[in-house]
Structures are given as C-alpha cells and as structure tokens.
Amino acid sequence: MQTFDPIEILGARFREGIARAYPQVGMDADPLISASRQAQFGDFQSNAAMPLGKRVGANPREVARAIVAQIDVSDIAEPLTERSIAGPGFINVRLQPKALATLLDGLDHTEVGLPAAEHPMTVVVDLCGVNLAKQMHVGHLRATIIGDTIARLYERLGHRVVRQSHVGDWGLPIAMVTAKLLDLEARGELPARLDLDDLNRLYKLAQAECAGEQRALAFVRRFGSNAKIEAELSEIDAEADEHLAHAKRVLVALQSGDAKVRAVWQRIYDVTMRECLRMCARLHTLITDEHSAGESTYAEELAGVVADLAARGVAEESDGALVVRVEGIEEPCLVRKSDGGFLYATTDLAAIRRRVQQIGADLVVYCVDARQSLHFKQVFGAATRAGYATKLGATEPSHLKHAAFGTILGEDGRPFKTRSGESVKLADLLDEAVSRARAEVEQRSIDLSDAERQEIAEAVGIAAIKYADLSNDRVKDYVFNFDRMLAFEGNTGPYLLYALVRIRSLFRKAEAEGIPFDPHAAISIEQPEEKALALELLRYPKTVRSAAEALEPHRLCGYLYEVCAAYSTFYDRCHVLKAESEPVRASRLRLVELTGRVLADGLQTLGLPTVERM
RNA sequence: GUCCCGGUAGCUCAGUUGGAUAGAGCAGCGGACUUCUAAUCCGCAGGUCGUGCGUUCGAAUCGCACCCGGGAUGCCA
C-alpha cells in the first residue's frame, strides 16, 4: 500500500536499517518512530535503540550509531549523522521541505490517502437500539451516533458495512401496550391517528396497571395503613395481576400469529419506527428502515437455537434453567428460563448466528451501553463456543466487539434527567441546541436570508451535540453542557465548521477576484505555520484507520481539531490571496484546498453536517 | 463478597507501542481587528498524573496493594 505518512516511511527505512545492522534481530524490531514533541529535536524521532540495546546487550548509543550507519534517508530527510543521536539513544530526523511537498502531492492525488481497501471485510454494526412505544431519549443518542460513526469509519475504508438496529419490539412490555390498544379498539375508542406520544402514554399506563406493588405502596404512602386499607391493597394487587395475566394472553396470541393482534402490533411498530427514523435522519445518521432487525425477527429461531445448544451439549441444565458456561466468567449465560421462556441472551445468540453465518460478518460491533459488558462477554463466549461466531467454511471465529459507551451526566454529575426525574426526550434536546445556535446565527449572520439562517442553525446545533459526544473517550461518562458544546472557541463542533467555512469563503473570494486555482501548481513549504499544517495533513489516513480499528471516533475528532487549529494559525500568519508572490499564492491555495478536502472528508466520516457560510 | 470501568491544571477533557521539560480548551490576566469571516489568533499564569510499593536506563502509561466514584452481578430487556 502506498503511504505518504512520514512515520510509516521512516518506519520502513529504520526497520530495514536495523535488520542490516543486527541480522540476528531481523525485520521484527519495532522502529518506534514518533513525531518529536519539540521542534529543537527535529520533526521525528526513533526510540528503537534503547529496547534494542537491551535485546542485543549493547550500549544504546552504540546501537543508535550502528543503526544510523545502515540507513539512508537523504531523499526525504537531512542525512543522519552522529549528531542525529541524542540523550540515551534517540535518533532525530529532520524532513526536507521539498520532501514534504512531494508527500502532500501524493496525498492530494489518492483520495486523501485512503483508497478503498483491497480486501474488503463485511462489518455489522449494531446501533440505535430503540424500543417500541417509547420516545427516543438521551440514552439512545450515543448508541445511534457513535454506532453510525463507527459504521462510517469502516465504510470510508472501503469495507462492506451493514447497520442493524436491534429494535426492542417483542416480549411482555410490548404485549402490555398491544393489550391496551386492543381494549381501546374493542370499545371503539381507538383513534384513527396515533403518534408516539400517545403510545408512550399507553405504555406508561400499562406499566402502572400491571405493577401492583408500586400502586399499593403509593396508596399506603397517601393514606396510611389499616385493616380496611389492606383489603383495598389486595384488591389493587388482584387488579394488577389480572392486567398482567391479560397481557400474557395477548403475548401468546401475538407469538402464535393471531392476525388481529398482529395488526395492532404492526401499527405500534409503524408509528414508533416512523418517528425514530425521522430522528435518525435529523441526527444526520445513515439509518433507515432497511436497517431495522428487531427482536421479533428472531422469534421463530429461538426454539431451534436452544434445541441445537442442548443437543450438542453446549448448554446444560442448572436449577431448572438452561445455561451455557463460558470460560473465565463465573456467571453462565442463561438461554432458557425454568418456565421454558427465552431470554434476551437467546435472541442475541440468534442474532450473532444470522450476522456471521448469513450476512457473512467478519466483524460485529455492538454499540451498546457499558453496563451491558457482562452480558456481551457471556453472549460472545457462548456464541463462540457454539460455533455461531464462525463463518460457514471458516476455521477461525469472526471478531465480536462490544463498543461500550458511558453515561451522559447532568451538571450535578448524576445521569442526565429532567427536573422531574424523567429521561430527556431526544427531540427536545435537539430543539434546544438548534434554537441556541439560531440565537447566535441571528446575531452574527445578519446578511443571510431567514431560510439560510435556519438551515445553518440546524447544522450547527446538530454538529455541536454530535461532536460533544463523539469527541469524548467512548467508555467514559461525560457531562452534558449546552454552553460548552455550542461555544465557538475550543474543541467544539462549531469551531470545526467555522474553519471549513473560512476555507470555502476564501475560494469564493478567489473566484470573485478572478484568481484561478491550479491543482498542479508546485507546493513549497517554507513558513513554520505551513509546515505545521502540512505535517498534520499527512497524519490523516493513519488517524482514520486507527479510529476504525480501535472503534474510537474521538481519535478522529481530536485530529480534526488539531488540523483546524493549525489551519487557523496558518490563516492568521500566512496570507493566501495577498501572498507576496504568484508561486507562493498558488502553493498556499493548494495547501488550503487540501486542508479543506481533509477536513470535509473527516467531518463526513464523523457524520457531522457542514455549511457554506455561518 | 466478586467482577468491570473510571480518578491527569479551579472546570471540561486529550495523552497512541513505556521515552527527552505531562498537553489542549474553558474560566483568569495581557495583547492583535484600515480583515482572506476576530464564531479567530498570539502570549502569561495554572500539575504531589488518587495514594504507596515494585519492574525498568526511563512510568500518567506495566505489576501488586490500598483509597475514592460509578456500574454489573442466574431466570427483566
């Protein structure tokens, strides 16, 4: 694979040099190339001599000398000499400005260094995870946008990606809502039009009606307890039991394919998914109807899965339940309850089997809350034991990874909730961000039309929320703060959008002034700000690959912020259109254009909307 | 009890494979607008990297013990 990353190029040279200097070590020694932290030491350094000194039993400075003697980097860097060696054995490398121009040229002409993978994998990303009859709330934000960004990262690398939303559309809670709707229908009170708010109300009502203990508790708190009240309580409990029994009957009817029940269920499904998919679109994620693979779609397979596990001795009986024991984990994976019912682990096993053996996944990524870590360890272990994680005809199992994420916290450090303790509706959260962005746009972009300002506010608000989430280390909790994420200074979505706007604005201005852009003009890197920017740009391909590999979008966020910061400094110090000479202007225009392409490509890969003006 | 995750500047966070003097942003202080969009840039100040011991030429990073916070923990999903 062609590379324009100085770290990779120097790495290859050093690896060869080490092999020549120490044949007994060969090519497997790590060249340990990294960017120098301080300009006085040059641009890059190799730390290979120290561990190598230990390995061959020699003084690390001597080792450094031996390596330097075997390496020729004169085509891209200043020649290595005795003076390149510093401290305990650091080898410092200073690039030639001309080499930098050549590398930028190469990056420019190869899809910014990321051509499609030669051997594409199939990657299934489990994301979003909504439930029927419930509004998307703040808890779904991370599963949706982190999952979508991980999917985009693999797509950008040329892999085949299948997004799947494991919709919670089956089981008793759904049957309870279905029962409510059937009651309304029987009484002729079912409205012709239902929205998700209606269903959400019915969901809560059904939950309350079936939760006898809680109702009884509320009753006692309100009135105190005596003999008469206790009679009242048992009546409430009996009522709840009847509601629950009714729901269970509906569940059985649903599972056995009763047409009338199924029709009502379908209506709940359609109403929920219509609103959730609209929210996914507003979030600028590529999640559509075809990506829904709800729990209900596995219902028919569960009995077969359990029978298979039992027949092959993978599962065993324990206290009346059927479990799969997993090495290294104390708690076994329960696949069948003692009453014969299946559990969510059963569904997940069926899902892994389908994803690996039918869809052909080489990698399945689960973008799900960190609290489910144990569950996924069990399920992954059980699936691997059962052979469900191995593609048909393959010898090694595919990779199953849990991309766990932390909780969104409020200012008080507690999970983010409304004042009344309810979870925050995602729609409300987005509206708030957009309206705050709108207020800023009103103040600053007075020359734009109303429609344009609304469009910009929408993009800025959404980008702010998404970037705030994606830029944090996935597994950590983070504190949600509108003011901070919408600030236009610092590591925020709006700052990145603004940098791109300045680039686009510069090209509009160039066009207006009749300054042509020559995509083949010679690049020359002279100023320190130009060099700093150039070095950042060359890091792009590797950053995307490592973010995908580690399933960590925040690596790409941090990188893009560095690019924008380097560009802002460059922009401040190095005039482009008013450059001192024609060749310098042409060179800088190319640098700016390439910066714009890397930035736009990166933002697209993260899934952030961009704007032309703001 | 056991297991998992976290603890870095007043606040919010980065820190890649163990490398030279631990970095950003915000807030604070001081500068830069006859502009290529100042929604920006530059400078100053701010640290017992939770604590201790160990491994190493070298530890925020690896190991052990402990402290603090969060989470999970067999028949809900």
Side-chain angles (χ1 to χ4, degrees), chain A residues 30 32-34 36-38 40-41 45 47 50-51 53-54 59-60 86-90 92 129 131 168 170-173 295 318-323 329-339 341-345 347-348 369-375 377-378 404 406-407 409 413-415 440-441 443-445 460 468 471-473 475-479 481 483-492 494-495 497-499 501-510 513 542-543 546 550 552 554-555 557-558 561-562 565 568-579 592 613-614:
Chain A
D30 195 327
L32 293 169
I33 310 288
S34 61
S36 297
R37 297 172 69 80
Q38 290 156 87
Q40 51 170 318
F41 296 127
Q45 67 187 59
N47 299 335
M50 282 82 78
K54 196 177 297 179
N59 178 324
F90 301 112
N92 292 320
N131 299 296
W170 210 238
L172 193 57
E295 293 172 349
S318 170
D319 296 334
L322 201 66
V323 307
I329 309 172
E330 215 170 308
E331 303 88 341
C333 182
L334 269 78
V335 296
R336 192 182 66 201
K337 296 190 283 183
S338 44
D339 69 1
F342 304 126
L343 296 107
Y344 69 138
T347 309
D348 277 326
D369 194 293
R371 283 173 295 195
Q372 308 239 5
S373 291
L374 175 61
H375 166 69
K377 265 183 202 157
Q378 294 172 323
T407 307
L409 307 176
R414 307 289 308 159
E440 293 290 336
V441 174
Q443 278 184 13
R444 300 170 198 273
S445 308
V460 170
S471 61
N472 279 288
D473 187 353
V475 308
K476 291 190 187 177
D477 297 347
Y478 77 94
V479 177
N481 181 315
D483 290 329
R484 203 162 46 235
M485 71 177 68
L486 280 159
F488 301 104
E489 309 90 26
N491 190 5
T492 68
Y495 176 81
L497 260 44
Y498 177 63
V501 160
R502 283 169 122 188
I503 291 171
R504 289 173 170 171
S505 167
L506 194 146
F507 277 98
R508 278 196 300 273
K509 178 121 182 172
E513 291 181 7
K542 197 173 189 181
T543 303
S546 87
E552 289 181 353
H554 84 281
R555 295 188 188 208
C557 293
Y561 173 67
E562 295 296 331
S568 291
T569 302
F570 161 82
Y571 183 87
D572 203 59
R573 299 290 177 81
C574 303
H575 275 249
V576 179
L577 300 183
K578 289 189 272 180
V592 172
R613 300 179 168 78
M614 61 190 279

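Throughout, a chain's letter reflects where its sequence line sits, starting with A, and its residues are numbered from 1.
Nucleotide B/A72 forms a pair with B/U2, judged by Watson-Crick or G-U wobble geometry with both contacts under 3.5 Å. Of all nucleotides present, none satisfies the Watson-Crick or G-U wobble test against B/U48 with each distance under 3.5 Å. Taking a pair to require two hydrogen-bonding distances under 3.5 Å in either a Watson-Crick or a G-U wobble arrangement, B/U56 remains unpaired. Using Watson-Crick or G-U wobble geometry with both donor-acceptor distances under 3.5 Å, B/U12 finds its partner in B/A24. B/G43 is paired with B/C29 under the criterion used here, namely a Watson-Crick or G-U wobble arrangement in which both key atom distances are under 3.5 Å.
In this structure, A/F90 forms an aromatic stack with the base of B/A20, since both conditions hold: centre separation below 5.5 Å and plane angle below 30°. For B/A20, the base is stacked against the aromatic ring of A/F41, per a cut-off of 5.5 Å between centres and 30° between planes.
Here A/H375 does not reach the OP1 or OP2 of B/G74: none of its side-chain N or O atoms lies under 4.0 Å away. Within the 4.0 Å cut-off from OP1 or OP2 of B/U16, not a single side-chain nitrogen or oxygen of A/S34 is found. Between A/K542 and B/U16 there is no side-chain polar atom (N or O) within less than 4.0 angstrom of OP1 or OP2. Side-chain nitrogen and oxygen atoms of A/Y478 include none within less than 4.0 Å of the OP1 or OP2 phosphate oxygen of B/G70. Using a 4.0 Å cut-off, no side-chain N or O of A/K476 falls inside it from OP1 or OP2 of B/U12.
Using a 4.0 Å heavy-atom cutoff across all strands shown, A/D319 reaches at least one base atom of the nucleic acid. Residue contacts for A/F342: at a heavy-atom cut-off of 4.0 Å it reaches the sugar-phosphate backbone alone, with no base atom in range. Base engagement by A/N92 is indicated by at least one non-hydrogen atom pair under 4.0 Å involving a base atom. Nucleic acid contact class of A/C557 (heavy atoms, under 4.0 Å, all strands): none. At the heavy-atom level, A/R508 lies under 4.0 Å from base atoms of the strands shown.
With both ends at atom P, the span from B/G46 to B/G63 equals 34 Å, rounded to whole Å. Nucleotides B/G69 and B/G74 are separated by 23 Å at their P atoms, to the nearest Å. B/C57 and B/U12 have their C1' atoms separated by 37 Å, given to the nearest Å.
Whole-Å rounding puts the A/E489 CD to B/A27 P distance at 6 Å. Straight-line distance from the CD atom of A/Q45 to the C1' atom of B/U16: 14 Å, rounded to whole Å.
Picking from B/C41, B/A20, B/G19 the nucleotide with the shortest atom distance to the side chain of A/A86 gives B/A20.
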